[in-house]
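The structure under discussion appears below in the form of structure tokens.
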Amino acid sequence: MLSSFLTKLFLVGAASHGDLSEESRQADKIRYRTFFEESSEAIFMITREGKIIDVNPVMSDLFGYTREEMIMSGFQSIYARPEDYHKFQREIEQNGEIKDYEVTFRKKDGTEMVCLVTSRVHQRHGEDTLEYQGIIRNVTGQKQTEEELRRSRSQLLQTLAELKKAQNQVIQQERLSALGTMASGIAHDFNNALSPILSFSEVMMRYPEILDDKEKVARFIKMINTAAKDATSIVSRLREFYRQREAGEIFFPVDLNQLVEEIISLTQPKWETQQLANGITINIETDLGRIPAIAGNEAELREVLTNLVFNAVEAMPENGTLTFRTRTDGNQAVLEVCDTGVGMTEEVRERCLEPFFSTKGRYGTGLGLAVLFGIIQRHDGTVDIESKPGQGTTFSIHLPTMVDMSTESRIQESGTPVQPLRVLLVDDEPLVRQAVAEYLIIDGHTVETATNGREGLEKFHAGWFDIVVSDWAMPEMTGDQLAAAIKQVAPNKPVILITGFGDWTHTDEELPEGVDCIVTKPIIWSALQEALASVKRCERPQKVE
Ligand code: ADP
Ligand code: MG
């Protein structure tokens, strides 16, 4: 904007030098003068040496001098640091013009101001000497605002950093207090377990004659042993709720309905004892829907159900009903365990999943639901609790169903029998390797295993195999690299890749080079059978060289 203004100014100035009649030249001069005098910009004209030729009223007002005072003084003298004038001069001489060049000037009253100078070298008509014409814009306010913005931004950043620090401290304190709760719970349970160990051993040490009573000693030792086992189980239970799902941990299809039936028989002693002891009746009801299998660890899920049943029975000191329901909700299976017991207050409901939180005093460990929560989290599931004092409790557990259950029906339909094959199985996870090898051996195949890609390739070169089944993610040489290496020497050798749950979302056309089929974890037996059958079906005839 400034430069377009300057252009206009110079055009008016230039027009006054044109080859025009004296009359029109005079008219132009007047126009030029009016423009100069009335402009809202601060305009100056100086010689190359810095002597001020003329300034307009805005310029003299800006500096607080009269026009005459300014003309008397040099341009250099209004610089806050006069030596900077030479830099300005060098710049403008180099390019013939400067635009928005920052200069700090000093006003008559001594205050400094930051300005942007836009200027051009100009030659007056009929004269040899050059002069600079230009405008000055005071940006001190803008600069101050920028400075303030910068300052407040850095203050904000500092406050943010302090907030983050405070937040971390709060989290740390929360952790410490949770740790404290846990430690005191562990201490309590351990002391309970240690008491009989100490007491019985002490009695035997103090009264050695007891050792002659074999029956008594046997009883004492049995109690010591039981107490020690209890202590061990505290440790293993602790491990349960902080344990993360291990990489390569295999989940198998679990039928929740079948699990419910199993749990009802397994926990029968618990609710029957209660019935017998208190003369009360606990009804068991089931409402089991048609649900697909979920991928899981059956023993862990059994523990989840056991804990729920125990809590429900303990919450029904009088007659009550325990109901098991299963249903689907989208691609999730829902298992509900519902009792008509004492229920929970809001505070208990919120805290009941915490490790060592119990309202049962010395009868409770407070670990049942914490373990349950850990297990459900490892299964990518969620737990919802609905409860009101006196109105019973419902635990709803949502678990993702197996992604492709159609595989099983497909294999049954196609029923492709696969001839016994020599399989090279490559996987760095011992558990997965064992499980897959087991599947293959039961199906009548011969299996050679390798623990990584490199070993797999060596074994492939050394032996003769119909097919290669390999894990994808492995250190050193990944499954797809192994597949590519195998295809270089044996282009028709089928290679099946096993990959982690959800890793593979692409379509068949996008299979990595050298890979014929992908099987996702958790590996369902039928999916592996189908994969073997399909690659054998598609196998191209061997090229005869
Ligand atoms: P514990 O049973 O050893 O106390 P849990 O972790 O199994 O520990 O349960 C924690 C607490 O949650 C219990 O002490 C109880 O207050 C509450 N709770 C759990 N299940 C129920 C239920 N079905 N009805 C009422 N309260 C329950
Ligand atoms: Mg419990």
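Whatever order the structure lists them in is the order used to number ligands and atoms, beginning at 1. From a predicted model like this one, the values you see are computed outputs, not experimental measurements.
Distance from atom 4 (O) of ligand 1 to its nearest protein heavy atom, with residue and atom name: Ser358 OG, 2.6 Å. Counting protein heavy atoms only, atom 7 (O) of ligand 1 is closest to Asn311 ND2, 2.9 Å. Of the protein's non-hydrogen atoms, the one nearest atom 1 (P) of ligand 1 is Gly366 N, 3.6 Å. Protein heavy atom closest to atom 5 (P) of ligand 1, with residue, atom name and distance, is Leu369 N, 3.7 Å. Met344 CG, 3.2 Å is the protein heavy atom nearest to atom 26 (N) of ligand 1. The nearest protein atom to atom 10 (C) of ligand 1, hydrogens excluded, is given as Phe357 O, 3.2 Å; this is a heavy-atom distance.
The pair Lys487-Glu513 fails the salt-bridge criterion, with no side-chain N (NZ, NE, NH1 or NH2) lying under 4.0 Å from an Asp/Glu carboxylate O. Under a 4.0 Å N-O distance rule, the pair Glu336/Arg327 qualifies as a salt bridge. Taking the charged nitrogens against the carboxylate oxygens, Arg151 and Glu148 have no contact shorter than 4.0 Å, which rules out a salt bridge.
Not a single heavy atom of Asn307 sits less than 4.0 Å from an atom of ligand 1. Ligand 1 lies nowhere less than 4.0 angstrom from a heavy atom belonging to Gly341.
The aromatic rings of Phe252 and Tyr439 sit perpendicular, their planes meeting at an angle over 60°, well past the 30° parallel limit.
Of the heavy atoms in Val348, only side-chain atoms (C-beta onward) come closer than 4.0 Å to ligand 1. The backbone and the side chain of Thr359 each have at least one atom closer than 4.0 Å to an atom of ligand 1 (non-hydrogen atoms only). Of the heavy atoms in Cys352, both backbone and side-chain atoms come closer than 4.0 Å to ligand 1. By the criterion of a heavy-atom distance under 4.0 Å, the side chain of Asp339, and not its backbone, is placed next to ligand 1.
Among Asn283, Ile282, Thr281, the single residue meeting the side chain to side chain contact (heavy atoms under 4.5 Å, CB included) criterion with Met316 is Ile282.
The distance from the Mg ion (ligand 2) to the nearest N/O/S atom of Ser358 is not under 2.8 Å.
Judged purely by distance below 3.5 Å, without hydrogens or angles, the side chains of Thr326 and Asn257 pair a donor atom with an acceptor atom.
Taking the ring centre of Trp464 as origin, the terminal cationic atom of Lys493 falls inside the region bounded by 6.0 Å and 45° from the ring axis.
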- [ ] Go through the steps for Arg454 and Glu458 under the test salt bridge (charged side-chain N to carboxylate O under 4.0 Å, His left out), then give the verdict.
- [x] CA-CA 6 Å; Arg454 208 161 293 288; Glu458 276 165 21; over 6 Å; no

